[in-house]
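Heavy atoms only: backbone and side chains are in, while hydrogens, waters and symmetry mates are out. All of these numbers come straight from a predicted model, not from anything done at the bench.
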Amino acid sequence: MKILLATHWLIPHVGGVWAFMEQLKKRLESMGHVVDMLGNSPDYLKIHIVNRNLEIAKAQLLPLLETKLNAHNQPLLNLSPIVRYHEYERYCLELSAAYFDLSQYDLIHTQDVLSTRSISRVKPKHVAHVAHIHGCVATEMILHYQLNPQLGVTESSPELKYFRSLEHYGASSCDITVTSTHWMKDLLINEFAVPRGQVTVFQYGFDATDFDLKSKRSTSIRRPEGKKVIICPARLVFVKGINVLISALAHLKKIRQDWVCWIVGDGELRTELEQLSLGLGLQQEVAFLGRRDDVPALLQQSDIFAHPCLQDNQPYSVVEAQFAGLPAVVSNAGGLPEMVDHGHTGLISPVGDAETLALNMAFLLENDEVRQQFGRNAKAWAQHHWSMDLMMGRVLDVYERALSTK
């Protein structure tokens, strides 16, 4: 088959969607399939098929869109700058996909609601279409506005109506929709009216061999003597809840001081989070390491993995931590309770509860034997549960089902 993996998000990127696409491409090609990958360029200025060096600049498309979508022709679209921005982005992807000629593919596998909706409108009818929904854009945006009431966006605002409709149409505009957790399936069905028969659930797979190789590579970062390491690899954006972690670390410092925390990643909130850490007197305990490509090696030097997110589906960072043999302290957001067994492979706290998160970290720091046993349990569970072969079998089964509809 000739397959297109497509996303609205940036590629290449350090996030979980890109990691999923890379692993999937590698496995599909090893089976003899031809695979292309389409998405936004890292500077957001182009749409490109990254493995074929094909691209089209958005600057070429925006004048065409403005002719059709200006305030005179589409007044409702232009009521909100946020809606306008996202629709222009979606149309840029749509026009680019049409330009790149989708008729050459047997199957298109999109990775989010924006790319799913865009490509469903321009792909030829004979091309099968599978969508993998890795996270919920609508609930992330709803949560963002709830936590920032000063922005003035309420339930009746056009922004939330737009994102709700985007989630519905995006998750419904394909032959088969796949998600990795039952939490996400229930959310799509109950909150966004996606037909129940549309959604298939199976968990991710993980290339453990490749991870082991990366784990053994050298890194310039060294753990300080006499300190245990708490690690949090994450994009520094509001939904990851890094502010909750920093508040929890301030509580933890009052209990014990035999630790440091490595926050690995970058994002729009980095300066704000650094200032929060400084204001809480954590300059000696918390290190912002920025974006790095040696996370597997850093996990090998760590003792506890932290993921305090406000919402997430099935993050790759948790999978990596489990393969590294680390106990996890996570929130109960989204699909995380389906990944972490409380009291066996890690500890779960309520979303946004910094004090309970601090107590969970303190418990694992205090009890070496329990912490190490949780880590061994996590690794054993990961090796059994995150089978790449099992996932590929399910992916190919979904592909065959989608193709059979054509």
**Report entry** Phe374/His344 under ring pair (Phe, Tyr, Trp, His ring centres under 6.0 Å): CA gap, chis, key distance, verdict
**Finding:** CA-CA 6 Å; Phe374 278 13; His344 184 69; 7.5 Å; no

Requested in this report: Determine, for Tyr162 and Arg164, whether the Lys NZ or Arg CZ falls below 6.0 Å from the six-membered ring centre while staying within 45 degrees of the axis.
Outcome: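 Because its charged atom misses either the 6.0 Å distance or the 45° angle limit, Arg164 does not stack over Tyr162.
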
Do [Y] and [X] meet the salt-bridge criterion of a basic N to acidic O distance under 4.0 Å?
X      : Y      : value
Asp175 : Arg401 : no
Asp212 : Lys216 : no
Arg27  : Asp207 : no
Asp368 : Lys228 : yes
Arg217 : Asp294 : no
Glu285 : Lys227 : no
Glu66  : Arg84  : yes

Query raised in the report: Where do Val35 and Glu29 come nearest, in terms of heavy atoms and distance?
Result: O-OE2, 3.7 Å

Query raised in the report: Excluding sequence neighbours, so at least two apart, what forms side-chain hydrogen bond (donor to acceptor under 3.5 Å, both in side chains) with Trp18?
Result: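 side-chain hydrogen bond (donor to acceptor under 3.5 Å, both in side chains) check on Trp18 returns Glu22.
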
Query raised in the report: What residues, two or more places apart in sequence or in another chain, satisfy side-chain hydrogen bond (donor to acceptor under 3.5 Å, both in side chains) together with Tyr145?
Result: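 Partners of Tyr145 under the side-chain hydrogen bond (donor to acceptor under 3.5 Å, both in side chains) test: none.
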
Does any N or O in the side chain of [X] come within less than 3.5 Å of the main-chain N or O of [Y], such that one atom is a donor and the other an acceptor?
X      : Y      : value
Trp386 : Gln383 : no
Thr179 : Ile133 : yes
Glu89  : Tyr85  : no
Asp303 : Val229 : yes
Asp186 : Thr181 : no
Glu338 : His182 : yes
His132 : Val178 : no
Gln322 : Ala378 : no
Gln111 : His109 : yes
Asp112 : Leu114 : yes

Hey, can you tell me if [X] and [Y] have their rings parallel, tilted or perpendicular (30° and 60° cut-offs)?
X      : Y      : answer
Phe238 : His144 : tilted
Phe323 : Phe206 : parallel
Phe163 : His86  : perpendicular

Say whether [X] and [Y], considering side chains only, have a donor N or O and an acceptor N or O under 3.5 Å apart.
X      : Y      : result
Arg235 : Ser317 : no
Gln203 : Ser180 : no
Tyr316 : Gln23  : yes

How long is the gap from [atom1] on [X] to [atom2] on [Y], to the nearest 0.5 Å?
X      : Y      : atom1 : atom2 : value
Ser118 : Lys123 : OG    : NZ    : 13.5 Å
Glu159 : Thr154 : CD    : OG1   : 8.5 Å
His307 : Ile242 : NE2   : CD1   : 8.0 Å
Lys185 : Gln198 : NZ    : CD    : 11.0 Å

Query - ring pair (Phe, Tyr, Trp, His ring centres under 6.0 Å) between Tyr204 and His134, intermediate numbers included - result: CA-CA 10 Å; Tyr204 294 137; His134 299 282; 5.6 Å; yes

Query raised in the report: Asp36 and Lys25: salt bridge (Lys or Arg N to Asp or Glu O under 4.0 Å), yes or no, with the steps?
Result: CA-CA 8 Å; Asp36 290 339; Lys25 181 178 190 294; over 6 Å; no

Query raised in the report: Only one of Thr7, Thr116, Thr177 forms a side chain to side chain donor-acceptor pair (under 3.5 Å) with Thr110, so which one is it?
Result: Thr116

Query raised in the report: If you draw a 6.0 Å radius around NE2 in His384, do more than 12 non-hydrogen atoms from other residues or ligands fall strictly inside?
Result: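 At most 12 heavy atoms, drawn from other residues, nucleotides or ligands, come within 6.0 Å of this atom.
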
Report task. Evaluate whether atom CZ of Phe211 has more than 12 neighbouring non-hydrogen atoms of other residues, nucleotides or ligands under 6.0 angstrom away. Result ->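 Yes.
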
Query raised in the report: Are Gln314 and Leu336 side-chain neighbours, meaning at least one heavy-atom pair lies under 4.5 Å?
Result: no

